[in-house]
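Contents: one structure, followed by commentary.
What you see below is based on every heavy atom in this structure, not just the backbone, and it leaves out hydrogens, waters and symmetry mates. When a ligand or atom number is given, it counts from 1 through the structure's own listing order.
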Amino acid sequence: MRVIEVGRAGARPSVAQRGRARLLACALAAATLLSTHAAETPDLIVHHGKIVSVDDHFSIQEAMALRDGKILALGKDADILATKDDHTRVIDLDGKTVLPGLIDSHMHPTGASMTEFENPIPDFETIQDVLDYVKARAQALPEGEWIVLSQVFITRLREQRYPTRAELDQAAPKNPVLYRTGPDASLNSLALSLSGIDRNFKITDGGAGFAEMDPKTGEPTGILRNATRFVRVKPVETVPSQADRLKRLAELFHDYNSVGLTSIIDRDSSASAVSLYTALRDRGDLHLRIGISYGVSSIGPIETVEKRIRAVAAHPLFKDKTGPVRIIGTKVYLDGGMLTGSAYMQKPWGLSKIYSITDPNYRGVLFIPPERLVPMVRTAVENGLQFTAHSVGDGAVQTLLDAYETVSHEMPIRQTRPCITHANFQSRAAIDQAARLGVVMDLQPAWLYLDTRTLSTQFGNERLRWFQPLHSLFAAGVIVGGGSDHMQKIGSLRSVNPYNPFLGMGTAITRKAKWYEGQLHPEEALTREEAIRFYTRNNAYLLFNEQNVGSLEPGKRGDFVVLDRDILTCPVEEIRDIQVNATWLDGKPIYARP
Ligand SMILES: [Zn+2]
């Protein structure tokens, strides 16, 4: 009988080592086949492909045999096909390229799937797009009903400004309009008067914020800074049922599958989100592996926060590591964002019209001081949880690294794979410190794609030297996983943020951005091989699931994706346009391109 050649030799071992390893592997494979032939006959073989295994040697294989959802072997067509019997399903890949099932390190699926529950929301690229939408809503709604737009970042609009009060009045004269992003908002006249915001308006609750006044007339301009809490908004809302939520979530997950995603991390999960995932799982409708990074409020006495963290560790989905839904850790928010001018930076942001920054010393907002962050990290580590914090600015990244460093002097932390989420702005020192501590990162190339134009205007090219420094992170050995931060809408390119992993990989490889000439620090570009690892085995490590997914190797689950073209050789500009022909999970087809 034939034996299966296990893997194709990679670059690293010597010829002699390879020879010995292959002899041993052949002997083992032969022994296994002889003793358990009936049990080990594949029920599925895919062959005549270019199977990118993403194993240690990044070996390329022709064929793969599976049984009961698990990979039995990879190798040459003839060797793998020789193991089939009459019951084996055989699929000719027709020379197509296969990748391991793709993994996204950062999504918010339960919220995103409901964004358009009320009505479809178009893409907003210009102020006119916004006004057209407001006008259409005003025509569809009864007079006096609120029109609310949330998280349409002005930094991503061509004009990089809010729609004015006058523009909103013209689009919707008889409906109050609230346009809000981050802590700020723009209102029309009706919304201002219904909220009691006039020329005499003062903040009275002791909190931050103000309403901008026109210096000529003394009237509110409609722009509120850090004061959206004073808007007396009453949105029309049909309350969705659990069935509505499950239906839309299943639709979203199917769309994730259509772009090759087979595992994701929910990076701010909750009890209600977990109940939706387990409901889909229990009725057999969950075709996705979900790692749960549980959102923990950092507000209140530190003992209370620690108690919340311990409660996550006590959850059955953290203890049971066998199912498709698993808790991996906790997430808090350490700073603001770069789209709203509130990321916490090591140096001042600088004056800005787009971000309305008038204080030359302003560095952004740090939500958790180090003396509270350290006990949170300690509690997570003590309980075996992966800690992560939303940390966009280099000041926040450094604060989190220093907290990890402090706790590492008390106990080992590496085994909990402590994480930094977003980590957009870094430094040489931060990369080296992360590598030394075993800190992992969850990064979003789509932000580079969408926001480089605004960021380079604000900070200049030099201050973006360590923006998403992917090459340096890979070179230093930091395990960094690619994600999208998908938070709104269904559709891999129309969503905010776009969750198409090929856009993510293409951006990581080209470092080219929308409405931006040239490349942003091309010295930080990934190779194609690295970009694939970024969305496969690196994320499997972030998920604590590298034993099962992230690469195609004997013993791992049969999660794989068939592409319409070869990601390793197609023109680099085409990578972001790659289509998925088919997606398989556990050796079963879950998506086929129509
Ligand atoms: Zn997020």
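In this structure, Arg372 does not pair ionically with Glu306, as no charged nitrogen and carboxylate oxygen lie closer than 4.0 Å. A salt bridge is absent between Glu303 and Arg310: the closest approach of a Lys/Arg side-chain nitrogen to an acidic carboxylate oxygen does not fall below 4.0 angstrom. Asp123 has a carboxylate O that lies under 4.0 Å from a charged side-chain N of Lys489, or vice versa, which qualifies the two as a salt bridge.
Two residues are said to be in side-chain contact when any heavy atoms from C-beta on lie closer than 4.5 Å; Glu524 and Arg465 meet this criterion.
For the residue pair Tyr449/Arg576, the side-chain donor-acceptor check at 3.5 Å is satisfied.
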Q) Passes salt bridge (Lys or Arg N to Asp or Glu O under 4.0 Å), Arg511 versus Glu523? Steps please. A) CA-CA 9 Å; Arg511 291 183 73 94; Glu523 66 273 27; over 6 Å; no
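Panel detail: the Zn ion (ligand 1) has protein N, O or S atoms under 2.8 Å away, 3 in number.
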